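Only one structure is covered here, and it is reproduced in the block below.
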Amino acid sequence: MPHSANHSTTHPTPHPAPSTSATPSPARFFTLRPGERRPGRVPLPPGLAVKARTSDTEGRLAILENELHVDIPLHVHHQADEFVYVLEGEMEVDFDGATHRLTPGMCVLLPHGVPHALRNASQPPARCLQISSPGGWDTFMEDMFEAGPVAMKDGRPDLDRLNTIGAKHGMEYRT
């Protein structure tokens, strides 16, 4: 199978409406080899790779591969459902007052509007596939890493700063 990479440089607004075009678009097809990621506006750290950008899917979803080097504090996606599939290692998900331990091959659907948190529970860190629908998670990550160290305070996520960044993406972090 030939290797192809579609390197689009357009960046739609967060959570664009899915296309209603009845004409299929073969130009959207691409392949990624192991370890490859979709190009973006800003470089993301090792262990975080965009596999399908929101712009690749006409706003329908975004897919990221993530190593949980940092625990993700309690937060809520006001617009997007999040699906997490564990590839390697173990992680914990706090959801609706309960903690769920996920091992390789397990997955969880985190519905929009419900607060949840994600924690690594293994060494090496858990590696998972995260899918958000509609998309936008990739652009939130870019905005967060573009902000640089100001998104951190005393080695921990600065929730006030993250909420400022997340507001346009329908993201809210809680204490």
Side-chain angles (χ1 to χ4, degrees), residues 14 32-54 56-57 61-167 169-175:
L32 294 176
R33 294 181 181 172
E36 288 184 323
R37 59 178 69 193
R38 297 292 289 141
R41 185 178 80 242
V42 299
L44 298 178
L48 183 59
V50 174
K51 298 299 184 175
R53 300 187 55 78
T54 300
D56 294 332
T57 67
L61 55 97
I63 303 172
L64 286 80
E65 185 177 330
N66 185 12
E67 290 179 5
L68 283 175
H69 292 286
V70 175
D71 295 341
I72 302 170
L74 189 68
H75 65 285
V76 62
H77 306 260
H78 291 291
Q79 298 154 347
D81 287 346
E82 180 180 11
F83 178 83
V84 179
Y85 180 86
V86 178
L87 299 166
E88 297 174 351
E90 297 183 14
M91 64 183 289
E92 292 180 338
V93 177
D94 293 334
F95 182 83
D96 200 27
T99 298
H100 305 269
R101 190 171 189 95
L102 303 178
T103 58
M106 293 180 73
C107 57
V108 62
L109 176 66
L110 302 164
H112 69 278
V114 183
H116 57 277
L118 307 172
R119 277 185 310 286
N120 181 56
S122 65
Q123 285 304 322
R127 189 170 64 91
C128 58
L129 203 58
Q130 292 177 272
I131 302 169
S132 69
S133 177
W137 189 244
D138 55 325
T139 54
F140 169 70
M141 289 281 114
E142 287 179 337
D143 288 353
M144 185 176 68
F145 286 104
E146 186 173 51
V150 298
M152 301 292 281
K153 183 192 299 181
D154 301 323
R156 307 184 87 192
D158 181 341
L159 301 186
D160 291 332
R161 182 66 175 142
L162 287 175
N163 282 333
T164 299
I165 297 166
H169 301 282
M171 293 282 299
E172 177 188 355
Y173 285 85
R174 300 186 175 172
T175 55

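The structure presented is a predicted model; accordingly, all values stated were derived computationally and were not measured. Heads up: numbering here begins at 1 and tracks the sequence.
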Check: [Y] main-chain N/O paired with [X] side-chain donor or acceptor under 3.5 Å:
X	Y	result
Asn163	Tyr173	yes
Arg53	Gly135	no
Asp138	Ile63	no
Lys51	Glu36	yes
Arg161	Ala147	no
Asp94	Thr99	no
Asn120	His69	no

Do you know which of Val76, Leu162, Leu159 makes side chain to side chain contact (heavy atoms under 4.5 Å, CB included) with Glu172?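 Going through the options one by one, the only one that passes is Val76.
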
Which heavy atom in [X] sits nearest to a heavy atom in [Y], and how many Å separate them?
X	Y	answer
Gly166	Phe140	CA-CE1, 3.6 Å
Ala62	Gly136	CB-N, 4.1 Å
Met91	Ala126	CB-CB, 4.0 Å
Val42	Glu146	CG1-OE2, 3.7 Å
His78	His112	O-CD2, 3.6 Å
Leu48	Leu44	O-CB, 3.8 Å

Do [X] and [Y] touch side chain to side chain, with heavy atoms closer than 4.5 Å?
X	Y	answer
Met171	Ile165	no
Leu118	Val108	no
Leu87	Cys128	no

Could you tell me the separation between the [atom1] atom of [X] and the [atom2] atom of [Y], rounded to the nearest 0.5 Å?
X	Y	atom1	atom2	value
Leu110	Asp96	CG	CG	11.0 Å
Ser122	Leu102	OG	CG	11.0 Å
Leu32	Glu65	CG	CD	10.0 Å
Ile131	Leu109	CD1	CG	10.0 Å
His169	Ser132	NE2	OG	11.0 Å

Could I get the full list of ring pair (Phe, Tyr, Trp, His ring centres under 6.0 Å) partners for Phe145, not counting sequence neighbours?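 Applying ring pair (Phe, Tyr, Trp, His ring centres under 6.0 Å) to Phe145 gives none.
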
Can you label the angle between the Trp137 ring and the His77 ring as parallel, tilted or perpendicular, going by 30° and 60°?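 Geometry flag for His77 against Trp137: tilted rings.
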
Is the ring pair Tyr85/Phe83 parallel, tilted or perpendicular, if the boundaries are 30 and 60 degrees?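 Ring orientation of Tyr85 relative to Phe83: parallel.
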
Only counting residues at least two apart or in another chain, list the ones meeting salt bridge (charged side-chain N to carboxylate O under 4.0 Å, His left out) with Glu67.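 By the salt bridge (charged side-chain N to carboxylate O under 4.0 Å, His left out) rule, Glu67 matches no residue at all.
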
Ring centres of His75 and His116 under 6.0 Å apart?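 Under 6.0 Å, so yes.
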
Decide yes or no on side-chain contact (heavy atoms from CB on, under 4.5 Å) for Val84 and Val93, but give the supporting numbers first. CA-CA 10 Å; Val84 179; Val93 177; 5.9 Å; no

